[in-house]
Amino acid sequence: MADGAMTATFLAVIGGASLLAVTARRLRPVDRLPSLEGWALADRSLGPGWTWLLLGGTIFTAYTFTAVPGLAYGNGAPAFFAVPYTVIVCPLAFVLLSRLWSVARRHGYITAADFVRGRYGSPPLALVVALTGILATMPYLALQLLGIRAVLTAGGVYPRGAAGDLVLVALFAGLAVATYRHGLRAPAVISALKAVAVFVSLTAVTWLVLERLGGPGPVFEGAAQRLGGPALLLSPAQQPAYASLALGSALALLMYPHVLTAGFAADGPRTLRKVSVALPAWTGLLALFGFLGIAALAAGVRAPRGGAEAAVPMLVDRLMPAPLAGLVFAAIAVGALVPAAVMSIAAATSFVRNVYVEYVHPTATPKRQVRIAKAVSLTAKVGAVAFVFGLRDQDAVNLQLLGGVWILQIFPAVAVGLFTGWLHPRALLAGWAVGMASGTYLVVREGFSPIVPLGTGAGPLEIYAGLAALLLNLTVAVAGTAVLTRLGVPRGADTTDLPSRLTVRRRPETGAKNP
């Protein structure tokens, strides 16, 4: 059973999040007419501070803060691939997000599929980009609920049976109402509380863990004894898998609709570049969470079989004072609300812009588009709740692993398309299909493991399945473009005003004479 002080602290933080969500209406200009850009992107008005809070709160989800330490608890060093992965994201975001924002603002694009539609003049390619984003987002949304449930169960805050389910539904219902009414402004406001709660609670927890376990040395020594020593270090055979998983995950992250939605809400490319430079502060938090997974091993925490993500909540419940434990649990719960809200908004926006308006109701007014987006956003949240209650936790994890592989297959159309329009839309469609099929096959063949062996013999190379599928995708896209160009197959009109080919600026010759 949960301690009274822990429960009171938990409820106080959750109540504060609800009150902040209500205040989101103050950020909305009263003289603006309803528009999808206003509801889904907060009128592209967020400055550096709000963008840093929202983008960091969206990228670093509650499930990340439980899965990474859980993986460290069960497997040791390989779990820390998430640290370089989130570092790699920063320079990519510096270049890609700022450039994509500029094009999107100039042409009124709200989704990545909008950009693809304008860049290649291909509705089918834009449709598969939108549907891939929605397909990859839905299990990710369900995982936020699973993260909340795992944390609350480990802390004893989640009652057994129907009562616990009602707690989860009530927690999510407040978010659903706030998002329905205020759109992206609701998670933007809540992200401020998330940052304060997570930074404060994690700093306090790490300090207390180090004090009670005797410092970093005893922590790593105790964990090494339980894991068998070498598990705390990467073996040479693990390094290709580690590196490819970090690189592939970074490339995939920036293609997720919820990350692009948070980025599009910024007030300019300069803001996004500032935020990209400051994002590693969130990466430091993730590294500390991973360290707590190692500390849970050293402290002798015994997580339930198949539930390693509960290791850190159990450690917190064992070592921390009740109020601090309640703050940690509340911080992780609030940490799930921000990305869950942005994910539902992003999925709804993609559906409205690239499915409903494109194929069902091309003359829909802005007010009707907002109404449909609100309904779809609410439906996505209800679907996530039903998914959590109706299927096994492992099913959501498996689908999310596939989602990472799937979303990576739109990288050529979106990211490469920012710099060159040479690739033919039909070749991109063929490459997407090959990448989706091969990536799904590789992951399922290995029992839903993201790491797959390539090659034969005694020592096959193990790499991230999504990256292997992306290489096949790009190969087909490049070869197909060469063939279609030679055959003279027409392509759609490019309306983005971006260069059609990569250009290389040559430096002037230092010894050249003036004519």
Side-chain angles (χ1 to χ4, degrees), residues 88 92 95-96 99-100 102-104 107 109 111-133 135-136 240 243-244 247-255 260 354 358 404-443 452 454-455 461 463-507:
I88 295 171
L92 290 175
V95 176
L96 296 180
R99 186 174 176 86
L100 188 56
S102 298
V103 181
H107 297 282
Y109 299 153
T111 68
D114 286 348
F115 164 74
V116 170
R117 177 72 166 85
R119 183 58 156 161
Y120 301 100
S122 172
L125 183 59
L127 179 64
V128 300
V129 167
L131 293 180
T132 302
L135 185 65
S244 62
L247 176 60
S249 299
L251 297 178
L253 181 66
L254 291 178
M255 297 297 102
L260 294 177
N354 308 116
E358 184 76 35
V405 173
W406 293 337
I407 201 66
L408 192 51
Q409 306 317 309
I410 70 172
F411 189 87
V414 179
V416 177
L418 279 172
F419 300 95
T420 176
W422 176 74
L423 293 172
H424 198 287
R426 295 188 184 183
L428 286 168
L429 270 173
W432 169 85
V434 169
M436 292 285 285
S438 60
T440 302
Y441 169 75
L442 289 172
V443 172
V452 297
L454 295 182
L461 182 68
I463 68 169
Y464 177 44
L467 201 58
L470 177 62
L471 292 175
L472 287 175
N473 182 342
L474 286 168
T475 301
V476 171
V478 171
T481 297
V483 172
L484 292 172
T485 301
R486 178 172 288 273
L487 294 176
V489 178
R491 61 180 74 205
D494 180 0
T495 60
T496 58
D497 301 327
L498 286 169
S500 60
R501 293 179 180 271
L502 287 172
T503 57
V504 179
R505 294 183 180 178
R506 295 184 178 179
R507 295 181 179 179

| Can you name the nearest heavy-atom pair linking Ala415 to Leu96, along with the distance? | CB-CD1, 4.2 Å

| said: Run the side-chain contact (heavy atoms from CB on, under 4.5 Å) test on Glu358 and Leu127 for me, step by step, so that the C-alpha distance in whole Å, both residues' side-chain angles and the decisive distance to 0.1 Å come before the verdict. | reply: CA-CA 9 Å; Glu358 184 76 35; Leu127 179 64; over 6 Å; no

| message | Can a donor-acceptor pair be found, under 3.5 Å and without considering hydrogens, that links the side chain of Arg99 to the backbone of Leu418? | response | yes

| Between atom CG of Leu408 and atom OG1 of Thr132, what is the distance when rounded to the nearest 0.5 Å? | 11.5 Å

| field | Ser122 side chain vs Pro425 backbone, donor-acceptor pair below 3.5 Å | value | no

| query | Rounded to the nearest 0.5 Å, what separation is found between the CG atom of Leu100 and the CG atom of Leu254? | reply | 10.0 Å

| message | Thr440 vs Trp406, test: side-chain contact (heavy atoms from CB on, under 4.5 Å). Steps then yes/no. | response | CA-CA 8 Å; Thr440 302; Trp406 293 337; 2.8 Å; yes

| message | Please check: side-chain N/O of His107 versus main-chain N/O of Phe115, any donor-acceptor pairing under 3.5 Å? | response | no

| request: Answer yes or no: is there a side-chain heavy-atom contact under 4.5 Å between Asp114 and Asn354? | output: yes

| Separation between CG of Leu135 and CE of Met436, rounded to the nearest 0.5 Å | 6.0 Å

| request: Please round to the nearest 0.5 Å and tell me the distance separating atom CG of Leu125 and atom CG of Leu423. | output: 10.0 Å

| remark: Interatomic distance, CG@Leu251 vs CD1@Ile407, rounded to 0.5 Å, equals 12.5 Å

| query | Does the pair Val128 and Leu429 meet the rule for a side-chain contact (heavy atoms from CB on, under 4.5 Å), with working shown? | reply | CA-CA 8 Å; Val128 300; Leu429 270 173; 3.7 Å; yes

| Interatomic distance, Ser249 atom OG to Leu467 atom CG [nearest 0.5 angstrom] | 9.5 Å

| Taking all atoms of both residues into account, what is the closest heavy-atom pair of His424 and Pro490, and its distance? | NE2-O, 3.3 Å

| Arg426 side chain near Val489 side chain, heavy-atom distance below 4.5 Å | yes

| said: I'd like to know if the side chain of Asn473 and the backbone of Gln409 have a donor-acceptor N/O pair within less than 3.5 Å. | reply: yes

| note | When every non-hydrogen atom of Ser244 is compared with those of Ile463, the smallest separation belongs to OG-CA, 3.3 Å

| request: Can you see which heavy atom on Ala469 is nearest to which on Gly435, and at what distance? | output: CB-O, 3.4 Å

| field | Shortest non-hydrogen contact from Ala112 toward Leu260 | value | CB-CD1, 3.6 Å

| field | Cation-aromatic face contact Arg117/Tyr109, 6.0 Å, 45 degrees | value | no

| Where is the tightest heavy-atom contact between Gly118 and Thr496, given as atom of each residue plus distance? | C-CG2, 3.6 Å

| Do Trp422 and Thr485 pass the side-chain hydrogen bond (donor to acceptor under 3.5 Å, both in side chains) test, and can you show the C-alpha distance, the side-chain angles, and the key distance before you say yes or no? | CA-CA 9 Å; Trp422 176 74; Thr485 301; 4.7 Å; no

| Heavy-atom distance under 4.5 Å between the side chains of Phe419 and Val95, does that happen here? | yes

| request: Run the numbers on Arg491 and Tyr120 for side-chain contact (heavy atoms from CB on, under 4.5 Å), then give the verdict. | output: CA-CA 7 Å; Arg491 61 180 74 205; Tyr120 301 100; 5.7 Å; no

